[in-house]
Undergrad: 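Sharing a structure, written as structure tokens. Questions coming.
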Amino acid sequence: MKIFHPILCAALMLAGASSLALTATCALAQNAQSLQRLNPNTATAAQLKSVTGLDDALIADIQKGKPFATMGDFHKVVSAKRNVDQAKQIYTSLFVPVNLNSASRDDITLIPGMTPRMVREFLEYRPYSDMAQFNREIGKYVDAAEVARLASYVTLK
């Protein structure tokens, strides 16, 4: 996702590009930037220790299981040692980004807070050409803050 720097957004608005669309884009980008979470494939053991809900045994299992091709693969490791509610809590801080164009329904469902309706909407708009399309299409159903939160769990790579 292309992140707009807050200073750049402010400069563009001061330069006369103060349209509602630019303001919304900057707000979305800033919200998404603040919602970044760790990817278990790239997180160090020290970073994993900072995640609530992980202990040394689960951290060792995560390190041993790298790389995780999908969120479903990561979920198998976590769910072997944590119940559903504990796993959901972990996924707010640690998550394998879900590829919008290739992820399974099950992988999309693992995004915290997903409803069956939102899973359908994610799938309906495939293929996504860019994150702006995702923001636009999913923004038909939820507010900008929720679009940014959901965008922080997905990728097009």
Side-chain angles (χ1 to χ4, degrees), residues 1-44 47-54 62 68-75 77-79 82-157:
M1 179 167 156
K2 193 171 193 174
I3 301 295
F4 285 70
H5 191 279
I7 295 172
L8 175 60
C9 287
L12 288 170
M13 287 188 273
L14 287 174
S18 60
S19 72
L20 182 59
L22 176 60
T23 303
T25 299
C26 288
L28 274 172
Q30 289 169 5
N31 285 339
Q33 192 169 28
S34 70
L35 293 172
Q36 296 299 314
R37 63 198 34 79
L38 291 173
N39 180 333
N41 288 322
T42 58
T44 65
Q47 289 172 316
L48 293 173
K49 285 181 188 270
S50 72
V51 175
T52 302
L54 298 185
I62 291 168
F68 300 100
T70 66
M71 185 56 199
D73 293 339
F74 179 61
H75 179 68
V77 171
V78 173
S79 64
R82 297 296 183 269
N83 67 37
V84 173
D85 291 334
Q86 292 168 327
K88 285 180 184 178
Q89 179 61 41
I90 290 168
Y91 300 159
T92 63
S93 302
L94 186 65
F95 200 84
V96 176
V98 171
N99 187 305
L100 285 170
N101 291 325
S102 63
S104 69
R105 177 179 295 275
D106 290 341
D107 284 347
I108 294 168
T109 301
L110 291 169
I111 296 172
M114 285 299 282
T115 63
R117 178 183 180 201
M118 287 311 298
V119 173
R120 282 193 310 274
E121 299 307 334
F122 271 49
L123 295 170
E124 178 182 333
Y125 290 104
R126 284 181 173 177
Y128 291 90
S129 57
D130 55 33
M131 288 305 295
Q133 178 191 359
F134 172 82
N135 294 340
R136 186 175 53 255
E137 300 299 354
I138 299 306
K140 295 175 184 176
Y141 306 98
V142 295
D143 65 22
E146 181 65 359
V147 171
R149 188 190 75 79
L150 292 170
S152 72
Y153 284 96
V154 301
T155 186
L156 289 171
K157 298 176 190 174

Undergrad: Return the minimal non-hydrogen interatomic distance between T155 and P97, and the atom names on each side.
TA: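 Taking every non-hydrogen atom into account, CG2-CB, 3.9 Å.
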Undergrad: Any idea which heavy atoms bring L54 and L94 closest together, and the distance?
TA: CD1-CD2, 3.8 Å
Undergrad: Whether the side chain of R37 engages the backbone of T92 through a donor-acceptor N/O pair (distance < 3.5 Å, no angle test) should be reported.
TA: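 Checked: pair present.
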Undergrad: What pair of heavy atoms forms the shortest contact from I108 to M114, and how long is it?
TA: O-CG, 3.4 Å
Undergrad: How long is the span from the OH atom in Y153 to the CG atom in L110, to the nearest 0.5 Å?
TA: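 Going from the OH atom of Y153 to the CG atom of L110 covers 11.0 Å.
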Undergrad: Has the side chain of N99 got a donor or acceptor atom that lies under 3.5 Å from a matching backbone atom of K157?
TA: yes
Undergrad: Applying side chain to side chain donor-acceptor pair (under 3.5 Å), name anything that partners Q89, two or more places apart in sequence or on another chain.
TA: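 Expected list: none.
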Undergrad: Please answer whether the main-chain N or O of S129 pairs with a side-chain N or O of Q133 as donor and acceptor at a distance below 3.5 Å.
TA: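 Yes: the side chain of Q133 pairs with the backbone of S129.
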Undergrad: Nearest heavy-atom pair of L100 and M131: which atoms, and what distance?
TA: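 In terms of heavy atoms, the two residues are closest at CD1-SD, 3.9 Å.
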Undergrad: Would you indicate whether the side-chain heavy atoms of E146 and I138 approach each other to under 4.5 Å?
TA: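 They are not in contact (no side-chain heavy atoms under 4.5 Å apart), so the answer is no.
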Undergrad: Closest approach of G53 and I90, non-hydrogen atoms and distance?
TA: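 Heavy atoms only, the tightest pair is O-CD1, 3.7 Å.
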Undergrad: Angle between ring planes, F134 versus F122, binned at 30° and 60°: parallel, tilted or perpendicular?
TA: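 Perpendicular, since the angle between the ring planes exceeds 60°.
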Undergrad: Within a strict 4.5 Å, meaning less than it, do heavy atoms of the T70 and V96 side chains meet?
TA: no
Undergrad: With K88, which residues qualify under salt bridge (charged side-chain N to carboxylate O under 4.0 Å, His left out), at least two apart?
TA: none
Undergrad: Return the minimal non-hydrogen interatomic distance between L150 and M118, and the atom names on each side.
TA: CD1-CE, 4.1 Å
Undergrad: Counting only N and O atoms by type, is there a donor-acceptor contact under 3.5 Å from the side chain of D73 to the main-chain atoms of F68?
TA: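 Looks like no, no N/O pair under 3.5 Å.
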Undergrad: Taking the six-membered ring for Trp, are Y91 and F95 parallel (under 30°), tilted (30 to 60°) or perpendicular (over 60°)?
TA: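 Answer is perpendicular, since the angle exceeds 60°.
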Undergrad: Enumerate the residue pairs fulfilling side chain to side chain donor-acceptor pair (under 3.5 Å) with a member in residues 113-122, sequence neighbours excluded, ordered by first and then second residue.
TA: E121-Y141
